[in-house]
Asks: 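Here it is, the structure in full.
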Amino acid sequence: MIRRSKSAARNQLSPERIRRSVASSSAIETGEPTAIIEARLKSGKRRFPQLTLAD
């Protein structure tokens, strides 16, 4: 069994990988093509710019 440190696993998560993961998950739920969702995420345009993540 190979054990990896938590910091090593975090370093491998690039914004591109997170974006692709979110896009593919959303595509499964909505039926929309992954490429379109991924392009929308890359554009940075927000649908509700006044909303922020909780602290």
Asks: Is there a donor-acceptor pair under 3.5 Å between the side chain of Ser25 and the backbone N or O of Val22?
Replies: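 Side chain of Ser25 to backbone of Val22: no pair is present.
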
Asks: Side chains of Lys42 and Glu16: closer than 4.5 Å at any heavy-atom pair?
Replies: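 They are in contact (side-chain heavy atoms under 4.5 Å apart), so the answer is yes.
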
Asks: A side-chain contact here means heavy atoms from C-beta on lying under 4.5 Å apart; do Thr30 and Ile37 qualify?
Replies: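 With C-beta onward as the side chain, the pair touches.
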
Asks: Determine whether a donor-acceptor pair (N or O, by modelled atom type, separation under 3.5 Å) exists between the side chain of Ser43 and the backbone of Arg40.
Replies: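 Yes: the side chain of Ser43 pairs with the backbone of Arg40.
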
Asks: Between the side chain of Arg20 and the main-chain N/O of Pro15, is any donor-acceptor distance below 3.5 Å?
Replies: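 No; zero donor-acceptor contacts below 3.5 Å.
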
Asks: Less than 4.0 Å between a side-chain N and a carboxylate O, is that true for Arg19 and Glu38?
Replies: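 Salt bridge: no.
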
Asks: So which heavy atom on Pro33 is nearest to which on Ala27, and how close?
Replies: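 So the two residues come closest at C-CB, 4.3 Å.
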
Asks: Return the CD1 to CG distance between Ile36 and Leu41, rounded to the nearest 0.5 Å.
Replies: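 It is 12.0 Å, given to the nearest 0.5 Å.
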
